[in-house]
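Worksheet for the structure shown next.
These numbers come from a predicted model, not from an experiment. Hydrogens, waters and symmetry mates are skipped; everything else that's a heavy atom, side chains included, is used.
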Amino acid sequence: MPYKKAIELLSDLQDFDLVKSPFEMVTCIANISKHIEETITEFWSGITTIASDKLVIDGDNILMLYLYIVLRARIPNMFAYIKMMDEFSTPYVRSISRFGYCLSTLEIAMERITNNSLDDLVRI
């Protein structure tokens, strides 16, 4: 299964023995992005037909991967986790850091999931 580790990382949010604080939750979300990047880098390693500077993952592609990971993780109370991370993190975490970018990407993915039908999601 593609991005299995990222799906497992997201599922860890539900395990309060592993993830105990909102900051640990945000760190978990940031690790998902790190894992996505590592997986893609590993896939393209050794392939020389495309210049490495052309292999750029833009925000839209990251969002699509987050959509896939969130849907596969099937966490029923994901919005509650997002709200807790947002409410109990610092302005630095939410607005400036890589953590904020990852949290925002997760929020956008969840909004897409809730505002679109499955058919619409497949066509995105």
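- A heavy-atom distance below 4.5 Å is found between the side chains of His35 and Thr39.
- Formation of a donor-acceptor pair under 3.5 Å by the Asn115 side chain with backbone atoms of Glu111 is found in this model.
- Between the CD atom of Glu38 and the NZ atom of Lys34 there is a distance of 5.5 Å, given to the nearest 0.5 Å.
- One distance of note links CD1 of Ile75 with CE of Met110; it measures 8.5 Å at 0.5 Å rounding.
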Run the numbers on Leu65 and Ile40 for side chain to side chain contact (heavy atoms under 4.5 Å, CB included), then give the verdict.
-> CA-CA 11 Å; Leu65 291 169; Ile40 292 171; 3.9 Å; yes

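- The pair Lys20-Glu24 fails the salt-bridge criterion, with no side-chain N (NZ, NE, NH1 or NH2) lying under 4.0 Å from an Asp/Glu carboxylate O.
- Cys102 and Ala30 make their closest contact through SG-CA, 3.8 Å (heavy atoms, listed as atom of the first residue, atom of the second, distance).
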Residue pair Arg112, Met64: steps toward the side chain to side chain contact (heavy atoms under 4.5 Å, CB included) verdict = CA-CA 10 Å; Arg112 287 248 179 122; Met64 294 303 120; 3.2 Å; yes

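- Leu10 is listed as a side-chain neighbour of Met78, based on a closest heavy-atom distance under 4.5 Å.
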Please lay out, stage by stage, how Glu37 and Arg98 fare under the test salt bridge (charged side-chain N to carboxylate O under 4.0 Å, His left out).
-> CA-CA 13 Å; Glu37 292 170 14; Arg98 174 182 173 91; 3.1 Å; yes

Step-by-step side chain to side chain contact (heavy atoms under 4.5 Å, CB included) determination, Leu9 to Ile29 = CA-CA 8 Å; Leu9 286 169; Ile29 302 305; over 6 Å; no

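- When side chains are defined from C-beta on, Ile69 does not count as touching Leu71, because their heavy atoms never get closer than 4.5 Å.
- Atom CE of residue Met25 and atom CG of residue Asp12 lie 11.0 Å apart, to the nearest 0.5 angstrom.
- Between Leu106 and Tyr81, the closest side-chain pair of non-hydrogen atoms is not below 4.5 Å.
- In this structure, the side chains of Tyr3 and Arg72 stay at 4.5 Å or more apart for every pair of heavy atoms.
- Between the side chains of Tyr66 and Ser33, a donor-acceptor pair is found at a separation under 3.5 Å.
- For Phe23 and Phe88, the ring centers are positioned 6.0 Å apart or more.
- At least one donor-acceptor pair closer than 3.5 Å links the side chain of Asp58 to the backbone N or O of Asn61.
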Test Ile82 against Met85 for side chain to side chain contact (heavy atoms under 4.5 Å, CB included), laying out the working first.
-> CA-CA 5 Å; Ile82 290 172; Met85 287 182 273; 4.3 Å; yes

